[in-house]
Amino acid sequence: MARIGQADAERPVGKGARMVHGPAEDRGVGDRRMAGGAAADAVAAVSEGRLWDRLMAMARIGGFTTEEGHEGVNRPCLTPLDREARRLLIGWAQAAGASVSVDPAANLFLRWEGADPSLAPVLTGSHMDTQPQGGRFDGIYGVLAGLEAIEAMAASGVRPQRPVEVVAWTNEEGGRFAPGCTGSMSFAGFKPMSAFDDLVDAEGVRYADALAAQLAEEADLPRRPLGYVPHAYVEAHIEQGPRLEAEGQDIGVVTGIQGSRWFTVTVEGRTDHAGTTPLSLRKDAVQDALRAIAALNALMHDPTDVLRFTVGSIAVEPGTSNSVARRVVFTIDFRHPDEAVLRPRGDAIAGVVQAALKACTARVHERFTAWPADFGPTVPEAVARAAASQGLKAIRLPSGAFHDAQFLVPVCPTGMIFIPCRGGVSHHPSEYAEPRACANGARVLTEAVLELAGGP
């Protein structure tokens, strides 16, 4: 097993390179004087054109065009398309002077060595997989913005005190294997890797088998152990909401991520002939499922429109037009930024479902829980200072979607950078972010990462 970053650790900083050091008394944040000098040079070296060209190159891997002319991407995790995208990323990173490694969860790391390789790195990145009807920016933007930050440091000769690592997390979306964020959850110790082994995709392929195939295909890459404690983690992402665009803002300084509770509800009835069985004698799973969903809508009513409640999938058996349904399985996605709301209403779901049934029985299984995450001040303040120093308009806001960053919160200081996306649309082929917005986010990311990485 190769030692991570060994090649870069043994490489001289180089003629003309500036090492960035933070004041010894400010060990938790880095050098707050980074807004000028070396940091300004690195920010100026961020290339809007290069970043955009790479986004578009990645979008061609799994790309498709809808009848309406939208350019979408379907790139599931742990597939040949995923491997093709990873190889493209690896080539760009190595050309920039970064070292590459992979961990047992197939999380991919690109390392730009710091002046002191023994220090904990500043970690940035996101994911490369997409939804089946996904867009060109969700996830991959954060990975490529991190790579652009490394490119800018290399081009400007800036060598921070701490290493900087860019990570591409495995299976954030959960589009092939649900739930998502399996790579970051494994890394952070939120769940052991083995907890995901028996997840299966639509074709019955086990997650453990797909992961093993991925690692076999990347046997030429240096391996690293699973997990470590970064100095800080910052993730750049499109907002996936309308606020930044609607309010004319350039940057979202993300304060935290709302919590999520996912449930599967199985309603069991009895199949009967649709033409001959009286309604009074039926155990119709569809009708009782409808009653349960109506009762849940009442439970989840929120006049402030902060709460998010979604029944996103309904499967009916036997699923024929002339048979009474014997079974209905539906999913619940429940989110709220306040645990004081998320906990009691989520706990009430099973009782509300049971009380709503007329003739059937039901089972309620909670399959995923992530409590609200507060990012704290360290990384958001660095992001806010970077945006201000570049003259960009910024607001603070929470994330409605969950991200890999949610699982780094217990591990290290964490934060996110949002950029506007057109109409707030995401998880759809029409998802779009302007080239200038992408570059703005990468410049803020570069400056924030350099501040965090500046001092020991």
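FYI, the numbering just counts along the sequence from 1.
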Between [X] and [Y], is NZ or CZ placed under 6.0 angstrom from the six-membered ring centre and within 45° of the ring axis?
X: R224; Y: F109; value: yes
X: R159; Y: W112; value: yes
X: R436; Y: W52; value: no

H237 and D138: side-chain donor and acceptor closer than 3.5 Å? yes
Please tell me whether S126 and Y141 have a donor and an acceptor in their side chains that are separated by less than 3.5 angstrom. no
Side-chain (R367) to main-chain (P179) donor-acceptor, under 3.5 angstrom: no
Ring centers of [X], [Y] separated by less than 6.0 Å:
X: F334; Y: F309; value: no
X: F263; Y: F368; value: no
X: W262; Y: F402; value: yes

Please determine if R345 and D338 form a salt bridge, counting it only when a charged side-chain N lies under 4.0 Å from a carboxylate O. no
Nearest heavy-atom neighbours spanning W169 and S184: CE3-CA, 3.7 Å
Given side chains that start at C-beta, do those of [X] and [Y] come closer than 4.5 Å, heavy atoms only?
X: L78; Y: T170; value: yes
X: D82; Y: D129; value: no
X: R50; Y: R54; value: yes

Is there a salt bridge (Lys or Arg N to Asp or Glu O under 4.0 Å) between D220 and R87 once you walk through the steps? CA-CA 12 Å; D220 60 310; R87 287 293 177 179; 2.6 Å; yes
